[in-house]
**Student:** 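The structure is given below, and queries will be raised subsequently.
Since the model is a prediction, treat every value here as computed from it, not as a measurement. Both backbone and side-chain heavy atoms feed into the values below; hydrogens, waters and symmetry mates do not. Throughout, protein chains are lettered first and strands after them, A, B, ... in sequence-line order, and every chain is numbered starting at 1.
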Number of protein chains: 2
Amino acid sequence: MKVSLEAMRASDPEFLTADCPHRLLLDHVTSKWGVLIVAALADGTMRWGELRRAVDGISEKMLATTLRTFEADGLVSRHAYPEIPPRVEYTLTPLGQELAEAMGPLMEWVGTNAAIVGR
Amino acid sequence: MKVSLEAMRASDPEFLTADCPHRLLLDHVTSKWGVLIVAALADGTMRWGELRRAVDGISEKMLATTLRTFEADGLVSRHAYPEIPPRVEYTLTPLGQELAEAMGPLMEWVGTNAAIVGR
DNA sequence: CTGGATCCTAGAGGATACTG
DNA sequence: CAGTATCCTCTAGGATCCAG
């Protein structure tokens with residue numbers, strides 16, 4: 001399947017024009033860490049610490065803010081258990097799982113073509 | 001198809017770890033304007049001016065630098081015609097077209113789910 | 001028409017310390 | 001363990017002017 005801005009704009013003329021909601025959502029999910037967090041959570045529910053380790057190099061701040069953005073977007077759900085020590089789990093919502101599947105081909109492409117990248 | 005960091009790392013343990021080439025390539029193609037440029041070019045060869053109009057809101061600087069990055073990555077090819085006034089056309093390479101196809105599902109997902117986005 | 005060259009800024013992102 | 005709070009850096013990106 002191809003992308004085709006033209007085709008998408010045939011049904012919605014505002015598709016990916018400046019300041020449209022599509023742009024905002026696209027910026028969220030293609031953010032530096034957003035892609036990696038979704039990819040990590042695609043494997044299933046994870047705790048904060050697991051996620052931090054799975055997404056190599058992420059700072060605590062960016063993990064927190066990206067997760068909050070995704071929660072607000074309804075892509076990730078958070079469940080905190082009232083225990084000592086605390087345990088908090090993050091899971092993709094059904095919508096988030098759709099996203100994970102939609103990103104599958106892109107991730108595969110990156111996986112097989114990383115060698116080509118120039119500086 | 002799901003993404004699954006785990007699965008990808010089974011074959012390549014370095015997959016999407018910090019400073020790996022995958023990260024670099026991913027940053028290129030998921031950059032703010034990169035996605036939109038690939039999407040626009042997926043419809044076929046375009047001239048500089050067309051591209052500028054198709055990618056609503058892009059500055060000349062970012063159009064130029066993103067195109068140069070993609071050229072260096074082998075995703076886009078540039079052809080300048082020695083005419084007055086100048087005409088320059090940009091086309092996706094075969095590799096770029098693969099990328100465009102890989103991004104298809106993501107674009108569709110964004111198209112159908114933009115309403116959900118929070119601020 | 002297709003850019004290159006400059007200058008500038010907002011905000012993404014990082015480092016560190018601290019807390020329930 | 002799972003975060004918040006601060007402060008700071010840096011660069012992606014924008015605005016503008018200029019040129020072949």
**Student:** By nearest atom, which of the nucleotides D:dC1, C:dC1, D:dT4 is closest to the A:A64 side chain?
**Tutor:**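 Closest nucleotide among those given: D:dT4.
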**Student:** What is the separation between atom CG on B:D19 and atom P on C:dG14, rounded to the nearest whole Å?
**Tutor:**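 From B:D19 CG to C:dG14 P: 11 Å.
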**Student:** Note the angle between the end axes of the helix from C:dC1-D:dG20 to C:dG20-D:dC1, five pairs defining each, rounded to 10 degrees.
**Tutor:**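 Helix axis angle between the two ends: 50°.
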**Student:** Send over the distance from A:L24 CG to C:dG11 P, rounded to a whole Å.
**Tutor:**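 That distance rounds to 13 Å.
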**Student:** Atom CG of A:L63 to atom C1' of C:dA12: distance rounded to whole Å?
**Tutor:**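 It works out to 15 Å between those atoms.
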**Student:** I need a per-nucleotide contact map over nucleotides 13-20 of chain D, read 5' to 3'. Cutoff is protein heavy atoms under 4.0 Å; write B for the base, S for backbone only, - otherwise.
**Tutor:** BBB----B
**Student:** Is any side-chain nitrogen or oxygen of A:R68 closer than 4.0 Å to OP1 or OP2 of D:dT4?
**Tutor:**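 Yes, such a contact exists.
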**Student:** Could you please spell out the steps behind the side chain to side chain contact (heavy atoms under 4.5 Å, CB included) verdict for B:W33 and B:L67?
**Tutor:** CA-CA 10 Å; B:W33 300 111; B:L67 282 173; over 6 Å; no
**Student:** Which whole-number value in Å describes the distance from A:R52 CZ to D:dG3 P?
**Tutor:**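 Those two atoms, CZ and P, are 12 Å apart.
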**Student:** For DNA chain D, which residues in residues 38-48 of chain B have a heavy atom at a distance below 4.0 Å?
**Tutor:**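 Output list: empty, so none.
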**Student:** Under 4.0 angstrom, heavy atoms only, what part of the nucleic acid is A:Y90 near: base, sugar-phosphate, or nothing?
**Tutor:**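 Sugar-phosphate, backbone atoms only, no base.
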**Student:** Under the side-chain hydrogen bond (donor to acceptor under 3.5 Å, both in side chains) rule, what do A:E89 and A:Y81 come out as? Steps first, then yes or no, please.
**Tutor:** CA-CA 8 Å; A:E89 295 185 339; A:Y81 299 85; 3.2 Å; yes
**Student:** Test B:T30 against A:T30 for side-chain hydrogen bond (donor to acceptor under 3.5 Å, both in side chains), laying out the working first.
**Tutor:** CA-CA 5 Å; B:T30 64; A:T30 64; 5.5 Å; no
